[in-house]
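Report on one structure; see the data block that follows.
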There are 2 protein chains.
Amino acid sequence: MILKKYNKNQEISVAIDCVIIGYDQKKLSVLLFQRQVEPFKGSWSLLGEVPDAKTSMDKSAQDIIYKLTGAKDIYLSQLKTYGDLDRDPLERVISIVYYSLIRVDVFKKIDLKKYNAKWFDLNEVPEIILDHNQMINDAVSKLREIAKTKPIGFRLLPKLFTLPQLQNLYECLYSNGFDSRNFRKKILSSGFLKKTNIKDKSSSRKGAFLYSFIDSNQFVEEKTKDTNIKDVFEF
Amino acid sequence: MILKKYNKNQEISVAIDCVIIGYDQKKLSVLLFQRQVEPFKGSWSLLGEVPDAKTSMDKSAQDIIYKLTGAKDIYLSQLKTYGDLDRDPLERVISIVYYSLIRVDVFKKIDLKKYNAKWFDLNEVPEIILDHNQMINDAVSKLREIAKTKPIGFRLLPKLFTLPQLQNLYECLYSNGFDSRNFRKKILSSGFLKKTNIKDKSSSRKGAFLYSFIDSNQFVEEKTKDTNIKDVFEF
DNA sequence: CCAAAAGTGTTAAGCATACACCCATGC
DNA sequence: GCATGGGTGTATGCTTAACACTTTTGG
C-alpha cells in the first residue's frame, strides 16, 4: 500500500540552535559565533544548523556539539522550540533549541578562531540576531530551575573541584552570594560529593580539598527522579 | 538585496500535536481521536495537524483548540518537540507538542461525535499511534511538576469549586491521598483562593463552601515568577 | 607575623507532618 | 437519630537561615 505524504509542499523550514554555556572558574559565559555569510554577516549568533533529514533532532544537536568540541559526553538537553511567525525575516523557520553545559577542561580545546567564536560573560551578552537573546535568557532560567534539583552544575566543573569553586558557580548562576557554612552543609548532605585528600593550592595558601562528583550518568538520571531529592540544590 | 534561502529542499515536515487533559470532578482524562484516514485509520491518536506556514506555532495550537472547543482562554503550553528519526514510519516528521488543560464546563460543549473523539481515563489510556503515549506521559509529568508551584490546577475546575473538589483533583494528579487538614492549610495560605458564602450541596448534606480562584491571568504569570511561592502546591 | 582564603557549629524560626473529633444536614 | 461528607487545631520533628571565629600556610 502506498500512502501519500501528509503535506507535500509544506513551507516551514527547521533549524537547530544551541545555547552553549561554559564556566571558567570565575563566571558563566555563553559561546557566540560571528556569522561569515549573509544574512546577518558579521553579527553574533548562537551556533545553528539546518538539520539533516536523516538524523534525529537529539542526535543532530549532539553532532553539532561534537563537531565543535570533539567531546561526546556533553550535557545537552532540549530547551524549547521557537515558532513565531516573523522570527526570521528571510523565510519561515522554526528553531528547535538545545542548551549545553561545557566544562572548562573541554572547552579549552575549542579552536575559537576556526569557528569565529567567542565566549561572552552571561551578564554582558551583546545584541545578537533574531530571537537568540531570548533563547539565552530562557536557557539560563531553565538552568536555574534545574540546578535546584539536579546536580547538573557539576557538568561545568573539571573532574576535581573545590567547594569554594562549586559555591562560586552557584553564586554566578543565581547572581547571589551564599553563606558558606550553609552551602557546605547542604551540598555535602546531598551525597553527590566525594572528598579526596588532595589539596588545591592554586587559589589560597591554605589550600582547599578537591572533591569529585559521584559520577555515573545513571546517578543523575535515576536517583534524581526520586522526588525526595527535590531542592537539594536550592540555597 | 535578494538572499537565497537557507535550504530549499529540506525534507523534514512539521506537525503539531495536542495533549488535551480534562477533569470531570472525579478523574483526569485525556481526549483522543479516532483517525478517519490512512495511515493508521481507526487507531486512536492525539489531536494533530499540519501547521499553516503563515501562522506562528503557538497560534496554530490555539487555533486547533479553538476549532475544537470554541474557547479562547484555554490553558495551553508547549511541552516539547519530538524529533526521533523513525517516529513516523511514513515520512520524516517532527512534532511540536502542546498540552492543554480543559475545564469541565468548557469541554461539555465539545461535539465528541463530530470529531470522533473520546475521553479516556488517564490511568487507562490505550495503545495509541506513534509516540503519542510517550507524549501523554511527558505531559502528565510536566503537569505534576508545574502544579507544585503554579496554580494551573484551577484551569481544570469550574469557576466556582469546593475544596474537596480541588483536593480530589490534586489527588488524581498525584495518584495519592492527602490529609484534608494539611491540604486546606496549605492551599488557603497560598492566597490564591477566595471564599464565597455559597454552599454547594450536590455532594453532601452539609454542603461545602464554594471558592473561586483569584483569577486574572497576570496573577498566574507574574506572581508565580517570584520564587517565594515555590512548592506552594506540593503536599 | 600577617594576609588571604578555607573550614567549622549553634540557635531560632518556620514549615511539614501526623493525627481525631465535631458539625451540619437530609432522609 | 443516623449516615454522610465537611470542616477544624495542636504537638513534633525537620529544614532553613542567620550568625563569627579559628585554621593553615606562603611570603
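In what follows, chains are A, B, ... by sequence order, proteins preceding strands, each numbered from 1. Note that the structure is predicted; figures quoted are calculated from it, not measured.
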Notebook entry, point to check: What residues, two or more places apart in sequence or in another chain, satisfy side-chain hydrogen bond (donor to acceptor under 3.5 Å, both in side chains) together with Asp179(B)?
Noted result: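 Checked Asp179(B) against side-chain hydrogen bond (donor to acceptor under 3.5 Å, both in side chains); matches are Arg181(B).
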
Next item on the list: Please check if any side-chain donor atom of Asp121(B) sits under 3.5 Å from a side-chain acceptor atom of Ser29(B), or the reverse.
Entry: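 No, no side-chain donor-acceptor pair sits under 3.5 Å.
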
Next item on the list: State whether a side-chain donor-acceptor pair under 3.5 Å links Tyr23(A) with Asn168(A).
Entry: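 Per modelled atom types, Tyr23(A) and Asn168(A) side chains form a pair under 3.5 Å.
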
Next item on the list: Could you check which of dT8(C), dT8(D), dG5(D) has an atom nearest any side-chain atom of Arg181(B)?
Entry: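 The answer is dT8(D), which lies nearest to the side chain.
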
Next item on the list: Quick one: label Ser180(B) by what it contacts on the DNA or RNA (base, sugar-phosphate, nothing), any heavy atom closer than 4.0 Å.
Entry: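 Base: the residue Ser180(B), judged by heavy atoms under 4.0 Å, touches a nucleobase.
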
Note to self: Any carboxylate oxygen within less than 4.0 angstrom of a Lys/Arg side-chain nitrogen, looking at Lys27(A) and Glu124(A)?
What the structure shows: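 So Lys27(A) does not pair with Glu124(A) through a salt bridge.
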
List every contact pair, protein side and nucleotides 10-15 of chain D side both N or O, where the distance is under 3.5 Å.
unit_1  : atom_1 : unit_2    : atom_2 : d
dT10(D) : O4     : Lys185(B) : NZ     : 2.8

Next item on the list: Could you tell me whether Lys199(B) atom NZ has more than 12 heavy atoms of other residues or ligands within 6.0 Å of it?
Entry: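 Count over threshold, so yes.
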
Check: Are more than 12 heavy atoms from other residues, nucleotides or ligands located less than 6.0 Å from atom NZ of Lys142(B)?
Finding: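 Yes, the 6.0 Å shell around NZ holds more than 12 heavy atoms from other groups.
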
Check: Taking atom P of dG7(C) as reference, at what distance in whole Å does atom CG of Asp179(A) sit?
Finding: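 Rounded to the whole Å, the gap is 14 Å.
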
Any protein N or O atoms within reach of nucleotides 25-27 of chain C? Criterion: under 3.5 Å, listing atom names and distances.
unit_1  : atom_1 : unit_2    : atom_2 : d
dG26(C) : N2     : Arg205(B) : NH1    : 3.3

Next item on the list: State the CZ-CD1 distance between Phe120(A) and Ile128(A), to the nearest 0.5 angstrom.
Entry: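 With rounding to 0.5 Å, CZ (Phe120(A)) is 9.0 Å from CD1 (Ile128(A)).
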
